[in-house]
Amino acid sequence: MGKIISLIDKRFNLSTSHKSFLQRDLPGRMSYLYCLGGVAFTLVIMLVLTGMMLSLYYVPSENEAFHSVVRITQEVKLGGLIRAMHKWSANLLILFILLHMLRVVVHKAYRPPRELNWIAGFMTLLIALSSGFTGYLLPWNQKAYWATVVGTNMASTIPFFGRHILLLVRGGPEISGVTLVRFYGLHVLWFPMAMGLLLWVHFHMIKRQGISGGL
Amino acid sequence: MTAGRSPAETRREFLKGFVKWSFGLLLLLFSATVLRFLYPASIKKRELIFFPLLKEDDLPKRGVKKVDAVYERNHRRMAMRVFVVTSGDRVFALSASCSHLGCLVDWSRYKRQFICPCHGGKYDMEGNVISGPPPLPLQRMPLKMEDGTVSIGIKV
């Protein structure tokens with residue numbers, strides 16, 4: 001294993017650029033509060049892995065979605081565990097992003113020159129919330145359906161454009177199979193890709209700028 | 001202490017190894033979980049079990065009779081509704097569950113149809129769909145007559 005890695009490293013010189021980041025000196029007053037973002041990232045990794053597994057059993061169709069989720073929880077071995085991990089990681093992700101934000105606010109780490117990183121982080125929160133909202137519809141049960149009815153109805157209260165935004169989100173006047181497939185596509189493809197891109201930007205900005213010295 | 005190395009060095013070596021093995025263990029556990037998850041679950045063979053439904057004398061001479069049956073399975077009382085139909089010289093049982101979404105259908109003696117109250121599915125006396133959303137006819141259930149008792153077969 002080590003031989004293979006060193007073979008690749010010799011040709012592409014990958015480790016030196018990362019070593020300077022991973023083995024750099026950190027500011028003196030660090031605490032476990034600086035791990036909150038890392039915890040959130042770990043949850044994202046768990047969500048991606050468990051989501052990839054769920055996607056092999058889930059069927060995003062009007063007639064099949066509910067039954068496929070029942071099948072995952074009742075028939076597939078460890079299916080309940082994987083689904084529970086996905087659900088709880090999603091809940092905890094929002095919590096840890098907020099705690100991470102709170103830490104950044106308290107330490108005033110959002111200030112220039114790091115304001116763009118704050119914006120990237122905030123956009124990550126928006127993507128996480130959107131993923132939560134779209135993912136909530138996918139079990140296609142009563143709770144999922146009505147939560148999405150209420151949630152999408154909120155869009156219609158926007159003046160002038162509300163009705164059009166509602167139609168755009170639902171893909172029709174009512175929540176239907178079109179909405180389900182739409183939310184599924186956003187949930188498993190669009191949002192994870194956007195999240196990956198944003199996190200890449202987020203981490204590289206830290207790499208360039210270093211951790212804020214704190215208070 | 002290992003010869004030629006300072007305590008700090010051995011400590012670092014130990015921690016490096018510890019982290020490496022921890023991640024290895026985690027990876028192994030995760031791989032095992034993935035394989036278990038992806039491997040098809042054993043398909044349970046559903047066996048046919050007969051429960052007494054009614055006395056042979058109580059069979060309808062002609063037409064449809066609604067029977068609410070209660071049977072016990074794994075110490076739980078289960079209820080089900082079936083229609084016993086006598087048509088000509090044939091006797092058969094139809095499940096009352098609508099094939100659309102599982103509502104219980106009713107027999108309309110006046111219209112001579114099974115009518116689902118939920119979405120208006122209609123079936124004829126044989127259980128075939130006449131109109132409405134049901135995708136399949138009413139399910140026929142096997143009957144068995146023995147010693148004057150009619151039993152019905154349920155897959156459990």
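Order of the sequence lines sets the chain letters (A, B, ...), proteins ahead of strands, with each chain counted from 1. Only a predicted model underlies this, so the values are computations on that prediction, with no experimental measurement involved.
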Can you list the residues of residues 11-38 of chain B that sit under 4.5 Å from chain A, counting heavy atoms only?
F30(B), T33(B), V34(B), R36(B), F37(B), L38(B)
Measure from the side-chain N and O atoms of [X] to the backbone N and O of [Y], and report whether any donor-acceptor pair falls under 3.5 Å.
| X | Y | value |
| --- | --- | --- |
| W107(B) | R112(B) | no |
| D147(B) | T149(B) | no |
| S156(A) | N153(A) | yes |

I'd like to verify something: which residue of T50(A), I72(A), V76(A) has the highest number of heavy-atom pairs under 4.5 Å with chain B?
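So the answer, after comparing T50(A), I72(A), V76(A), is V76(A).
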Go through the side-chain N and O atoms of S6(A) and D9(A) and say whether any donor and acceptor fall under 3.5 Å apart.
no
All N/O donor-acceptor pairs, side-chain side in residues 174-195 of chain A, below 3.5 Å, sequence neighbours left out:
residue, atom, partner, partner atom, Å
S176(A), OG, V178(A), N, 3.3
T179(A), OG1, R170(A), O, 2.7
T179(A), OG1, S176(A), N, 3.0
T179(A), OG1, S176(A), O, 3.4
R182(A), NH1, L168(A), O, 2.5
H187(A), ND1, S131(A), O, 2.9
H187(A), ND1, T134(A), OG1, 3.3
H187(A), ND1, G135(A), N, 3.2

State whether F83(B) and K66(B) meet the cation-pi test: NZ (Lys) or CZ (Arg) under 6.0 Å from the six-membered ring centroid, and within 45° of the perpendicular axis.
no
